[in-house]
Amino acid sequence: MHCSPHAGHMDFDQLRYFLQVAERGNFTRASEDLLISQPALSRSIQKLEEELGQPLLERQTRKVVLTDAGKLLVDRARKILSLLDDAKAEICDDG
């Protein structure tokens, strides 16, 4: 897997949005859960795919299915976001 040479910087919201779509299997339900519009959610996922130079989701009529790259990113995104949540909790508890 090769990332785009013009890759931007993915952010935590992109990872959260991607995970929600992956877990719900549907852009509409994910956008309702996230309280953002479906077009905004779709743009975020498209930007993430462009940055990685790989499709993450196979879009079907009423659902999405993870590609191999998407499956890999789901696992990594969960770990990244879990570490971030742990760090926030530790910092907030110490402060």
Enter the distance from [X]:[atom1] to [Y]:[atom2] here, rounded to the nearest 0.5 Å.
X: I45; Y: E50; atom1: CD1; atom2: CD; value: 11.5 Å
X: R16; Y: R78; atom1: CZ; atom2: CZ; value: 14.5 Å
X: F18; Y: E23; atom1: CZ; atom2: CD; value: 9.5 Å
X: L15; Y: R76; atom1: CG; atom2: CZ; value: 12.5 Å
X: I80; Y: D85; atom1: CD1; atom2: CG; value: 12.0 Å

If you measure from the Lys or Arg side-chain nitrogens to the Asp or Glu carboxylate oxygens, is any gap between D75 and K71 under 4.0 Å?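 Salt bridge flag = no for K71 with D75.
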
Quick one: does any side-chain atom of [X] pair with a main-chain N or O of [Y] as donor and acceptor, under 3.5 Å?
X: Q54; Y: D68; value: no
X: T67; Y: P55; value: yes
X: E49; Y: L56; value: yes

With hydrophobic residues grouped by side-chain heavy-atom distances under 4.5 Å, do L73 and V65 end up in a single group?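 No, it is not one cluster - the side chains of L73 and V65 are not joined through contacts under 4.5 Å.
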
Heavy-atom distance under 4.5 Å between the side chains of [X] and [Y], does that happen here?
X: Q20; Y: I36; answer: no
X: E51; Y: K47; answer: yes
X: D11; Y: Y17; answer: no
X: N26; Y: K63; answer: no

For a quick check under 3.5 Å, do S44 and Q14 share a side-chain donor-acceptor pair by atom type? no

L57 and L66: CA distance, side-chain angles, deciding distance, side chain to side chain contact (heavy atoms under 4.5 Å, CB included) verdict: CA-CA 5 Å; L57 302 166; L66 291 169; 3.6 Å; yes

How close do V74 and A22 get, heavy atom to heavy atom, and via which atoms? CG2-CB, 3.7 Å

